[in-house]
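So that the names make sense, note that chain A is the first sequence line, chain B the second, and so on, each numbered from 1.
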Amino acid sequence: MTEMLLAVQQPFDFQECLVFLSRSKQEVLHVTTPDTVRKLMRIGERLILVELQGEQGHIRVVFPVDDVSEMEMESIERGVRDWLDLDRDLTPFEAMGAEDELLAPLIEAHRGLRMIGFPDLFEALTWAIIGQQITLSFAYTIKRRFVERYGEQRVVEGRTYWTFPRAERIASLEPEALRELQFSRRKAEYIIDIAQEITGETLSKSALQSQSSTDIRQRLLAIRGVGEWTADYVLMKCFQDASAFPIADVGLHQAIQHQLGTAKKPTIEEVRRYGESWQGWEGYATFYLWRSLYGNV
DNA sequence: GGCCAGGCTAGCA
DNA sequence: TGCTAGCATGGC
């Protein structure tokens, strides 16, 4: 069995990342145990099962059932590093947050947690749009139906692992096909449009990655179905922009209310004021505040 | 059973 | 530029 060891700069805590990855029992795109996570990754045309284990400042990557070439391992390492934001130095974030009334207790409690995302642009946009204006729980239900109908699967040791549907597969659908899965008519249209743009390469992560956050944001906002919240969410979760700030997010508002123990949720203006002291780390602050909503899992 | 969900668009002033 | 109805249905 081939494997590799990825070094990660401190502070880093694999267990904290695992807790986040375990937050929904309905998740279909990875499978966690108390000390591992498994994910089916598309590398070229292959579907490779990848398992991650924590190991003192490292992540051990093992391949339970596959032989993996050097080139494939490089892609997998890139994918894992992007997924778990491993190339980030969190020291400045911790220094910034040490005196912050909202962040200090969260940084203390979850030291080493990384901003876990979705390296695939189609997945990030689709998940964000599914999640608009519905409960997370319902969003997971819809995502599961979508993945189980249009994704690809491999069964290993009696367990089914799934990949997110490819844009190519979705581009040719009619909205009615997604309506069956309880997407709203509008969301069905948005997602099919996005699939067509990605397939036609008028929208591509690699092309956008070289641009500034401002330009990426503008490009995302030009997509039907993508407003400010979605653009900032995708900047955070797909483009690893630690300063992206989905300021109107209800989960963020709930978390702030909860941390402060106030009777009401903060206004947008109040959230904006908190954000002013997080300069450059608004995305991480938001992510840690989201984390506070999941209890100790 | 009513209100709220990890919002956005189109239409209007 | 700013405001609002409508979307669409589950969860609590």
Side-chain angles (χ1 to χ4, degrees), chain A residues 19-29 102 106 113 115-118 121 123-146 164 174-195 197 203 217-259 262-272 274-275 278 282-295 297:
Chain A
V19 168
F20 180 83
L21 290 168
S22 310
R23 73 199 167 125
S24 174
K25 291 191 170 68
Q26 297 197 75
E27 177 61 65
V28 281
L29 293 177
L102 288 170
L106 297 176
L113 172 63
M115 193 165 74
I116 294 167
F118 308 100
L121 180 58
E123 178 183 348
L125 280 165
T126 300
W127 172 236
I129 288 170
I130 288 174
Q132 291 169 0
Q133 188 57 23
I134 61 176
T135 59
L136 256 186
S137 160
F138 185 33
Y140 272 112
T141 301
I142 293 178
K143 173 168 115 169
R144 181 170 46 73
R145 291 179 186 148
F146 183 64
F164 197 77
E174 295 298 325
E176 288 67 29
L178 297 184
R179 285 285 295 136
E180 284 178 24
L181 310 182
Q182 280 183 298
F183 285 71
S184 69
R185 169 94 202 174
R186 284 252 181 85
K187 289 184 181 178
E189 292 173 3
Y190 299 155
I191 288 164
I192 292 168
D193 283 354
I194 288 167
E197 282 222 63
L203 177 63
R217 195 167 188 276
Q218 282 309 309
R219 175 65 186 93
L220 295 174
L221 286 171
I223 300 168
R224 242 169 59 91
V226 176
E228 309 251 339
W229 177 86
T230 305
D232 290 322
Y233 182 87
V234 169
L235 276 170
M236 270 180 72
K237 303 279 280 189
C238 186
F239 292 91
Q240 295 173 281
D241 182 349
S243 69
F245 195 17
I247 195 162
D249 181 79
V250 295
L252 174 63
H253 298 183
Q254 273 176 23
I256 292 174
Q257 177 188 12
H258 190 256
Q259 286 301 110
T262 50
K264 289 185 180 174
K265 284 195 277 195
T267 64
I268 293 285
E269 264 320 302
E270 287 168 332
V271 179
R272 199 183 305 283
Y274 285 114
W278 302 336
E282 294 89 338
Y284 254 89
T286 300
F287 192 79
Y288 272 57
L289 281 157
W290 283 341
R291 170 64 184 84
S292 73
L293 297 173
Y294 307 126
V297 186

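Under the Watson-Crick and G-U wobble criteria, each requiring two contacts below 3.5 Å, nucleotide C:dA8 is left unpaired.
Separation of the A:Trp127 and A:Phe146 ring centroids does not fall under the 6.0 Å cut-off.
Contact of A:Arg291 with B:dG6 (side chain to base): no donor-acceptor pair of N or O atoms is detected under 3.5 Å.
Comparing the same atom, P, in B:dA10 and in C:dA8 gives a spacing of 14 Å after rounding to whole Å. Only the P atoms considered, C:dC7 is 22 Å distant from B:dG1, to the nearest whole Å. Remark: the separation of the P atoms in B:dG6 and C:dG2 is 27 Å, to the nearest Å.
When the nearest nucleotides of DNA chain B are assigned to A:Ile223 and A:Trp290 by heavy-atom distance, the more 5′-ward of the two goes with A:Trp290. Positionally, the nearest nucleotide of DNA chain B for A:Thr135 lies more toward the 5' end than for the other of A:Thr135 and A:Gly227. For the pair A:Ser137 and A:Gln133, nearest-nucleotide mapping onto DNA chain C gives the more 5' position to A:Gln133.
When distances are taken from the side chain of A:Gln182 to each of B:dT9, C:dT9, B:dG6, the shortest belongs to C:dT9. Checking B:dC8, C:dA8, C:dG11 against every side-chain atom of A:Trp229, the shortest atom distance belongs to B:dC8. Of the listed nucleotides (B:dG6, B:dT9, C:dT9), B:dT9 has the atom at the smallest distance from the side chain of A:Arg224. Candidate nucleotides C:dG10, B:dA5, B:dC8 were compared by shortest atom distance to the side chain of A:Arg186, and B:dC8 ranks first.
In this structure, the CZ atom of A:Phe183 is 17 Å from the P atom of B:dC8, given to the nearest Å. Counting to the nearest Å, the C1' atom of B:dG6 and the CD1 atom of A:Ile268 are 13 Å from each other. Across the protein-nucleic acid pair, A:Leu221 atom CG and B:dC8 atom P stand 9 Å apart, rounded to whole Å. When rounded to the nearest whole Å, the span between CG of A:Leu252 and P of B:dG7 equals 11 Å. Atoms OH (A:Tyr190) and P (C:dG6) sit 16 Å apart, rounded to a whole Å. Here B:dC4 presents its P atom at 19 Å from CZ of A:Phe138, a figure rounded to the nearest Å. Rounded to an integer number of Å, the gap from A:Ile130 CD1 to C:dC7 C1' is 16 Å. The distance from atom CD1 of A:Ile129 to atom P of B:dT9 is 9 Å, rounded to the nearest whole Å.
With 3.5 Å as the limit, one finds no donor-acceptor pair spanning the side chains of A:Tyr190 and A:Arg224.
Distances shorter than 4.0 Å separate some side-chain N or O of A:Lys265 from OP1 or OP2 on B:dA5. Side-chain nitrogen and oxygen atoms of A:Thr230 include at least one within less than 4.0 Å of the OP1 or OP2 phosphate oxygen of B:dC8.
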Checklist entry - Can you list the steps and then say if A:Glu180 with A:Arg145 is a salt bridge (charged side-chain N to carboxylate O under 4.0 Å, His left out)? => result CA-CA 10 Å; A:Glu180 284 178 24; A:Arg145 291 179 186 148; over 6 Å; no

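Aromatic ring orientation, A:Phe287 versus A:Trp290: perpendicular (interplanar angle above 60°, classes split at 30° and 60°).
Within a 6.0 Å sphere centred on CD of A:Glu176, other residues, nucleotides and ligands contribute more than 12 heavy atoms.
Note on A:Glu189 versus A:Arg186: no salt bridge recorded, every NZ/NE/NH1/NH2 to OD/OE distance being 4.0 Å or above.
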